[in-house]
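Inspection log for the structure reproduced underneath, given as structure tokens.
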Amino acid sequence: METVEKSQIELSEQIKAATKDSHVRAENTELMLSYQRGRVSLLQLITSPLLLLCSLYKIYEALEEALDTNASHEAVAPIYFPQELSRLESIGKDLEYFYGRSWREKMTVPAATLRYAQRLREVGRDHPEYLVAHAYTRYLGDLSGGQVLGRITQKSLGLKSGEGLSFFSFPGVSSPNLFKQLYRSRMNSIELTEEQRSGVLQEAVTAFELNVQVFNELQDSLSCVPDTENEMRQRHTQHKQSTAAACEALQSSSSLMPRFLRTLLGVFVVLAVGAVYAF
Ligand code: HEM
């Protein structure tokens, strides 16, 4: 490797600054805003976390495979924390909780997720030093805003503590803030040439962009579902179309749903359609 010159600014600060706007964009995707504001219908509340879990499974499968393969690479070893951070097994547990034992056959994975996973594999093969950008984007995000999303998911799905929520829980991390400090200091210890450093910063922006594309595609797949009771009222004059849209959404999500959720959704659609007629 060519001579390494330690940059004046630490990598953890540079990466945070480089992805500041991307973070705002990710936070403001419709899917994330829906989560935060609770402006989603019962149907969306149920389907979006489940669809998101399927995508997350494919993303972490590729990320953790690339990290494991490159565990001893000099730019990966300092930020390799499989015991503390690995998510794949946790997501598998959550998927089994929601879909039952045959969850693998029921998974739906949108094209944007496959593109993200493909990029992770390319990076693992051709540029292992860029893995720090992807690991940072996902794991530090999970330990930050992800913790809030976990509480919202628990509340919106009415889950008992821990049930179907393994993804959000990090038993090997007693203090997310202290762990993030350790992680940043490990990032800062990675020796990179200036060219590699700017490649890592660019890759972090790409990582956020890939996440935004996944959220947007998931949101699009949910957009045929009626949003709120108000919208249902506005659609009063088009009740037939509303009914069709709700049924179509129910049908398309039904292969993903455990039976009790499907029953619940059925009840919801009947109530929603009833409300349209009532107003
Ligand atoms: C509802 C959406 C989100 C909320 C409310 C949120 C909120 C936050 C908060 C409060 C922090 C802590 C900032 C700090 O410690 O200075 C943070 C950090 C972070 N978030 Fe998010 N976030 C969201 C979505 C995302 C997404 C979608 C990603 C990436 C896929 C992401 C990646 C990160 C990363 C990498 C950090 C660490 C920043 C650093 O300390 O360098 N966040 N987020």
Side-chain angles (χ1 to χ4, degrees), residues 7 9-40 44-45 48-49 51-64 66-67 78-79 81 84-85 87 91 110 112-113 115-117 119-120 123 130-157 165 167-168 170 173 175-190 197 200-219 222:
S7 175
I9 311 173
E10 308 265 44
L11 180 62
S12 67
E13 288 172 42
Q14 282 186 315
I15 206 165
K16 187 168 185 171
T19 57
K20 196 166 171 245
D21 292 347
S22 306
H23 188 274
V24 173
R25 270 201 300 283
E27 250 181 307
N28 287 305
T29 50
E30 233 183 293
L31 192 75
M32 290 296 127
L33 288 176
S34 299
Y35 255 98
Q36 292 174 87
R37 292 179 186 156
R39 272 183 45 204
V40 280
Q44 285 178 333
L45 273 178
S48 56
L51 289 176
L52 191 54
L53 264 186
C54 292
S55 284
L56 289 174
Y57 187 86
K58 286 288 163 194
I59 292 163
Y60 282 95
E61 183 180 50
L63 175 62
E64 291 174 2
L67 288 169
I79 50 102
F81 287 100
E84 291 82 356
L85 297 178
R87 300 289 81 204
I91 304 172
T113 304
R115 282 198 298 276
Y116 191 170
R119 178 64 192 157
L120 286 163
V123 164
Y130 292 178
L131 283 173
V132 60
H134 285 282
Y136 161 84
T137 303
R138 283 298 339 166
Y139 293 130
L140 259 57
D142 296 337
L143 288 170
S144 306
Q147 296 299 293
V148 181
L149 295 185
R151 287 191 284 279
I152 295 175
T153 306
Q154 178 177 5
K155 227 175 131 189
S156 61
L157 294 186
L165 295 162
F167 170 68
F168 299 105
F170 288 83
V173 175
S175 157
N177 280 338
L178 285 179
F179 188 84
K180 282 194 285 181
Q181 278 175 28
L182 168 69
Y183 197 90
R184 288 186 193 108
S185 75
R186 292 293 190 86
M187 286 172 74
N188 297 338
S189 75
I190 299 173
R197 184 177 288 259
V200 166
L201 297 180
Q202 183 53 50
E203 192 65 28
V205 173
T206 302
F208 270 86
E209 184 50 37
L210 288 165
N211 277 277
V212 166
Q213 285 174 15
V214 169
F215 299 156
N216 287 342
E217 196 169 338
L218 288 177
Q219 182 64 41
L222 291 168

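Note that ligands are numbered from 1 as they come in the structure, with each ligand's atoms numbered from 1 the same way. One is the number of the first residue; the rest follow in order along the sequence.
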- Short version for Y136: what comes under 4.0 Å of ligand 1, heavy atoms counted, is both
- Just how far is it from atom CZ of R115 to atom CD of Q213, taken to the nearest 0.5 Å? 5.0 Å
- With a 4.0 Å cut-off, strictly under, does atom 7 (C) of ligand 1 pick up any protein heavy atom? yes
- Query: How far apart are the closest heavy atoms of L11 and N188, and which atoms are they?
  - Reply: N-OD1, 3.3 Å
- Item | Charged N-O contact under 4.0 Å between R119 and E203 | yes
- Query: Would you call E61 and K58 a salt bridge, using N to O less than 4.0 angstrom?
  - Reply: yes
- Are R151 and F168 in a cation-pi contact, defined as NZ or CZ under 6.0 Å from the six-membered ring centre and within 45° of the axis? no
- With heavy atoms of S144 as the reference, note each atom of ligand 1 found under 4.0 Å away. 11 (C), 12 (C), 17 (C), 18 (C), 19 (C), 43 (N)
- With distance as the sole test, does Q154 use its side chain to make a donor-acceptor pair with the main-chain N or O of L165 at under 3.5 Å? no
- Ligand-side contact atoms (ligand 1) for residue partner G145, heavy atom cut-off under 4.0 Å: 6 (C), 7 (C), 8 (C), 22 (N), 43 (N)
- Query: How are the rings of F81 and F179 set relative to one another: parallel (under 30°), tilted (30 to 60°) or perpendicular (over 60°)?
  - Reply: perpendicular
- Task: Note the single closest protein heavy atom to atom 4 (C) of ligand 1, along with its residue, its atom name and the distance in Å.
- Result: E27 CG, 3.5 Å
- Message: Measuring from atom 31 (C) of ligand 1, which candidate in H23, K180, E13 has the nearest non-hydrogen atom?
- Response: H23
- Task: May I ask you to check if ligand 1 and N211 share an N or O to N or O distance below 3.5 Å?
- Result: no
- Note on the structure: Taking only non-hydrogen atoms of R184 and a 4.0 Å limit, the atoms of ligand 1 in range are 39 (C), 40 (O)
- Query: Has ligand 1 got any nitrogen or oxygen that is less than 3.5 angstrom from a nitrogen or oxygen of S12?
  - Reply: no
- Note on the structure: The atoms of ligand 1 lying under 4.0 Å from a heavy atom of F215, numbered in the order shown, are 27 (C)
- Query: Quick one: does T137 get a heavy atom under 4.0 Å from ligand 1?
  - Reply: yes
- Trace of the side-chain hydrogen bond (donor to acceptor under 3.5 Å, both in side chains) decision for D142 with Y60: CA-CA 12 Å; D142 296 337; Y60 282 95; 2.4 Å; yes
- Message: Starting from atom 28 (C) of ligand 1, what is the nearest protein heavy atom, named by residue and atom, and what distance separates them?
- Response: F208 CE2, 3.8 Å
- Does the R184 side chain pair with the main chain of S12, one donor and one acceptor, at a distance under 3.5 Å? no
- Message: Just to check, does Y139 reach to within less than 4.0 Å of ligand 1 when the distance is taken from its heavy atoms?
- Response: no
- Message: If you measure every N or O of K16 against every N or O of ligand 1, does any of those distances drop under 3.5 Å?
- Response: yes
- Proximity winner for atom 33 (C) of ligand 1, if only heavy atoms of G141, A133, A26 are counted: G141
